[in-house]
Amino acid sequence: MHPALSVIIFSTTSGAGYGLLALLGILTPFDALSQDRIFGFAALALALAAITIGLLSSLFHLGHRERAWRALSQWRSSWLSREGVAAVATYLPAGLFGILWVFYGSISPIAGVLAALGAIVTVCCTAMIYRSLKPVPRWHNGWVLPNYLLAALMTGALWLAAVLQFFAPRPAVTLLALVATAATALVKIGYWRFIDGETATSTTASATGLTNSGPVRLFEAPHTSENYLLKEMGFQIARKHAAKLRRIALTLGFGLSFLLSLVALLTSGGLAAAAALLAAPLGMVGIFVERWLFFAEARHAVTLYYGQAAV
Amino acid sequence: MTSLPERPSPKRLGLVIDLDICVGCHACAVNCKEWNAGGVSAPLTDLAPYGVEPDGVWFNRVHTFEVGEGAEGRTVHFPRSCLHCAEPACVTVCPTGASFKRAEDGIVLVDEDLCIGCKLCSWACPYGAREFDEDVGVMKKCTLCVDRIYNETFAPEERVPACVATCPASARHFGDLGDPESDVSKLVAERQGYDLMPEMGYAPTNKYLPPRPRQRSAGCTGAAAALPPAQPAPQGLLGWLDRLLSR
């Protein structure tokens, strides 16, 4: 599948924003974080800015941006529509939570929990868009939903730990970031092992129905140059590049942000702040690379008609 | 509404494609392009049509496969277009209501005025039936020639999709696959017509007829196993020279 930059920026940036929003909405009312108004402003502004930038980026994927509002109408059947509705609906409790906190100094547990719920539902809908697509077996499996949820939790927690360094560092939050990073990396490794070992669900034989006469190979393609189907669904990444990018995501992304979070947890003062502030963007790099690979390594059933033996 | 029709009519219009007969001439694909480039889906944008890498929107493509090994090998031409599935995920994933399945005849269509061009329907289709028109910014697909099959200005025999009308080998058939007594349904039953990728669970309406088993002998024609030599052996001086030179 073609790794469209607009879609990858959307799910990684908004994912981090929703993770941060969910943590703020759940943890603040229980006094697990700072209730400082300026902290509230800084953290919520970061979360909402990330969410909004991501959502705006997703619009660049569309052929008709001015009609994007129509995508809110088919929530009965479409996960993409549900995602849109959940994303827009989350702004209401999130905005209320922020206004009450920043301007009135009052923490509303109801608004906070509703905002967190909206954030979690939105990330679930994003994951389900991919999870529900049967023609892409590398997406249509049980690894995808935990992958998206944990990535949002990991990046949200890393940013929360970073912002808290300027106010009142909380070891519990840094520990959460540490655990979430490890869990995300483990689930990602599990996903990679799964797609490397999976048995094909469809083959050229089942795609053509020529199942009784021996092996089926493409002899002649219908056209001489690439068409929309091949550009969009036939994107292929060389195995050696995929292996290299996996190592980059694991070391530079997950590994380094884990180690830096560990440093932030075990030290204090300037060193801890610097480590936490570096861990967050590195975690984003890791998620960005793994999300790019999530597309680049996914194979679509239509490629069976163009020479791919199995998907 | 991208939910599927709650009470679909038993009528299921579709195509039956005979892989035994298709000669791979691409006439169906070309006539499809010709008709639809001027019909309800117009324009079917072409990008760099005279360039090194021409690209464009087509609803019908003919692939050619090689099946079997060695002496058992054979070439199968395989036309591919929208199958107008009974369970079309391309419709249910659509966030805007642009994609829909008609309750009255099962045809899957796109309302281009509602489409936002998110391309998700093309991801949801395993058969590659939907293509994005870059110039217009919307998704396009086979309409089963709705503007031909119900067109009362046409003679009744011309009210078939453009691909069916043009096939010089009669490898393509159009009809109601929901009616077990229709000609197409009988043909499917007789020839063991099948679904593509049934494992996807999309329940395609269009059916494909498998290539018939290869014939090993001329059998019933009554022809001799080998023909006599075309020319009698030369006689006399030429015969002597022929024998001499043939040594």
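Residue numbering restarts at 1 for every chain, and letters A, B, ... go by the order of the sequence lines. Basis for what follows: all heavy atoms, side chains included, without hydrogens, waters or symmetry-related copies.
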Options [options], ranked by heavy-atom pairs under 4.5 Å with chain A, top entry:
options: B:Val76, B:Val57, B:Leu114; value: B:Leu114
options: B:Cys125, B:Pro210, B:Gly56; value: B:Cys125
options: B:Pro198, B:Gly73, B:Pro95; value: B:Pro95

*Are A:Tyr305 and B:Phe78 an aromatic pair by the rule of ring centers under 6.0 Å?*
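Judged by ring-centre distance (under 6.0 Å), A:Tyr305 and B:Phe78 do meet the cut-off.
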
*Quick check, are the ring centers of A:Phe219 and B:His63 under 6.0 angstrom apart?*
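No: the rings miss the under 6.0 Å criterion.
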
*asked:* I'd like to know if the side chain of A:Thr208 pairs up with that of B:Tyr208 as donor and acceptor (distance under 3.5 Å, no hydrogens or angles considered).
replied: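 Short answer, no.
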
*Are A:Ser206 and B:Glu199 linked by a side-chain donor-acceptor pair shorter than 3.5 Å?*
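There is such a pair (donor and acceptor under 3.5 Å, judged by atom type) between the side chains of A:Ser206 and B:Glu199.
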
Search all heavy atoms of [X] against all heavy atoms of [Y] and return the closest pair with its distance.
X: A:Leu304; Y: B:Met197; value: CD1-SD, 4.1 Å
X: B:Val67; Y: A:Ser213; value: CG1-CB, 3.5 Å
X: A:His300; Y: B:Ser122; value: NE2-O, 3.6 Å
X: A:Pro135; Y: B:Ala124; value: CG-O, 3.2 Å
X: A:Leu62; Y: B:Cys118; value: CD2-CB, 3.5 Å
X: A:Gln74; Y: B:Gly97; value: CG-N, 3.2 Å

Taking side chain as everything from C-beta outward and backbone as N, CA, C, O, which of these in [X] sits under 4.5 Å from a heavy atom of chain A? Side chain, backbone, both or neither.
X: B:Tyr194; result: side chain
X: B:Pro213; result: neither
X: B:Cys94; result: backbone
X: B:Pro54; result: both
X: B:Val62; result: backbone
X: B:His26; result: side chain
X: B:Ala89; result: neither

Using side-chain heavy atoms (C-beta onward) and a distance below 4.5 Å, is [X] in contact with [Y]?
X: A:Glu220; Y: B:Phe65; value: no
X: A:Ser202; Y: B:Met200; value: yes
X: A:Leu210; Y: B:Pro211; value: yes
X: A:Ile129; Y: B:Leu120; value: yes
X: A:His223; Y: B:Trp58; value: no

Does any backbone or side-chain atom of [X] lie under 4.5 Å from a heavy atom of chain B? Answer side chain, backbone, both or neither.
X: A:Leu133; value: side chain
X: A:Thr204; value: side chain
X: A:Glu83; value: neither
X: A:Tyr130; value: side chain
X: A:Trp69; value: neither
X: A:Leu229; value: side chain
X: A:Ala68; value: backbone
X: A:His61; value: both

Output the distance between atom [atom1] ([X]) and atom [atom2] ([Y]), rounded to the nearest 0.5 Å.
X: B:Thr96; Y: A:Leu72; atom1: OG1; atom2: CG; answer: 10.5 Å
X: B:Asp55; Y: A:Glu226; atom1: CG; atom2: CD; answer: 8.5 Å
X: A:Arg70; Y: B:Asp113; atom1: CZ; atom2: CG; answer: 8.0 Å

_Quick check: under 4.5 Å, non-hydrogen atoms only, which of residues 130-145 of chain B neighbour chain A?_
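Contacts with chain A: B:Arg130, B:Glu131, B:Phe132, B:Val136, B:Gly137, B:Val138, B:Met139.
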
_Proximity of residues 39-53 of chain B to chain A, residues having a non-hydrogen atom under 4.5 angstrom_ =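 Counting heavy atoms that sit under 4.5 Å from chain A, the residues of residues 39-53 of chain B involved are B:Glu53.
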
*Given the options A:Ser78, A:Ser81, A:Gly214, A:Gly307, which has more heavy-atom pairs under 4.5 Å with chain B than any of the others?*
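Going by pairs under 4.5 Å, I would pick A:Ser78.
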
*With a 4.5 Å cut-off on heavy-atom pairs, point out which of A:Ala301, A:Pro215, A:Ala221 contacts chain B the most.*
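Counting heavy-atom pairs under 4.5 Å, the top option is A:Pro215.
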
Any chance [atom1] of [X] has more than 12 other-residue heavy atoms, nucleotides or ligands included, within less than 6.0 Å?
X: A:Phe194; atom1: CZ; answer: yes
X: A:Arg217; atom1: CZ; answer: yes
X: B:Glu6; atom1: CD; answer: no
X: B:Arg214; atom1: CZ; answer: yes

